Amino acid sequence: MANRRVLVKRRKAARNIRKITRTMQLVATARFQAAFNRVVAARPYTEKLAQVVSDLSRALGSDTDAQHSLLKAQHDTGRVALVVITSNRGLCGAYNANVLRKASAFLEQQSAEGRSVDVHMMGKKGVSYFRFLKRPMVEENVDIGDIPRFESVEPVADALMAKFLAGQVSAVHLAFMKFLSAGQQRAEIVQLLPLAEPAESGATGGSNLDYELLPDAESLLSDLLPATVRARLFQAFQEAAVSEQVARMVAMKAATDAAEDMIRRLTQEYNRARQTAITMELLDIVGGANALA
Amino acid sequence: MANTFELSVITPEKGVLETVAVSVTIPAYDGELGVLAHRAPLLVKLGAGWMRIETAEGQKLRLLVSGGFAQMGDNKLAVLTEQAKAPEELDTARARAAMEAAEAMVVTDDASFEARARALRFAKEMAKAAGE
């Protein structure tokens, strides 16, 4: 019967899809592990850097003249920058949609306050979304990928800092998927520049040592702060990469489960169709025999 | 008290080295600087060049580093650097790529001049090490 053959075909298709999504789920799991390890490996640098900065700013004291221009809020130029971190690849559920929704809300909020926003878009998915909406972007970067390297993030950070210091923008914000835990990620807007107060009043428990400084404190600080900005941006990229893999893992798990449900339903339908056909045939035979008798 | 101290070399991507050392020579921004155990607290900016390490087991290690900071305190030396490469990791292709990237850097102010000089020196050392 034609109906049965169609059911067999559909079941086969569902099985193939299940095979593919299950493989993708496993790949995403492995990638997630690797990305997560990279985030953990990068943590000591960020922590040490924060400690050094807080030690140094304590050594400088609350000398207001020593306030570095990366810390100071520039006068409001009516223009801010927003770096949006999306993925290069799809099939990761609502990952990109969530980040982009957050970014769009930020854009609306800023324009309501009378500021214009320079959008720096990272990742193919965000670029194509904004192109589709015909929203302008000042930068489209699709080279960073799901294994962010410090060398490729560094120029992005440097360009942003140059823009900020030149007074073209009065603030730089990041929109990305923050990785809270393996079970929880959240799309967030985080301010990158001006840098938030680096010393959280001894929260790091930094040592009160009398450092010998080479060169002097101010020029050290003017090197440390850009390093902090770079490290923060790099960390955002890494967290986004981990979140992407988690999102893909969850999406592929859901797809595999849905395929399983469909296979079960199709199998049931197929069996019923087969049974109906057998019954019909039997009825035919019995009917024929009765007619002859 | 043993005349050793803890050393950790960290880059933004990972911790490169964690060891107990007897002496370390680091390439500071204005020349080399040797560190022994119980050195007074120090915070110094790094340039580009070879970091030489003698571990407690008498092993001699070398790392090519570029940029960043070294912090000594509590008999612990932490080296935060943007790049750290062991001699085995260096090859001519990479050295050439680094050299090209360094030469392409545009100088607009003191900081970028310094960065370019550092990148050039790093690339040169890479090429030398790879050529050996």
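Every value quoted in this text rests on a predicted model; they were computed, and no experiment measured them. In the text below, chain A, chain B and the rest are named by the order of the sequence lines, each starting its count at 1.
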Nearest non-hydrogen partners of Ala42(A) and Pro12(B), listed with the distance: CB-O, 3.0 Å

Flag the one option from Thr46(A), Val52(A), Leu224(A), Leu49(A) with the top tally of heavy-atom pairs under 4.5 Å to chain B. Leu224(A)

Note: Tyr45(A) and Leu80(B) closest approach over all heavy atoms is CD1-CD2, 3.8 Å

Closest heavy-atom contact between Pro148(A) and Glu13(B)? O-OE2, 4.5 Å

Part of Gln235(A) within contact of chain B (heavy atom distance under 4.5 Å): neither

Contacting moiety of Arg43(A), where chain B heavy atoms sit under 4.5 Å: neither

When the 4.5 angstrom heavy-atom criterion is applied to Phe234(A) and chain B, the contacting part is side chain

Determine whether Phe150(A) and Gln83(B) make a side-chain contact, defined as any pair of heavy atoms from C-beta on separated by less than 4.5 Å. no

Do you know the tightest heavy-atom contact between Tyr29(B) and Leu214(A)? CE2-C, 3.9 Å

For Ser112(B), which atoms come within 4.5 Å of any heavy atom of chain A: side chain, backbone, both, or neither? neither

Which portion of Thr108(B) sits near chain A, non-hydrogen atoms under 4.5 angstrom: neither

Would you say the side chain of Val44(B) lies within less than 4.5 Å of the side chain of Leu213(A), judging by non-hydrogen atoms? no

Quick one: CD on Glu212(A) to CG on Leu43(B), what's the gap to the nearest 0.5 Å? 10.5 Å

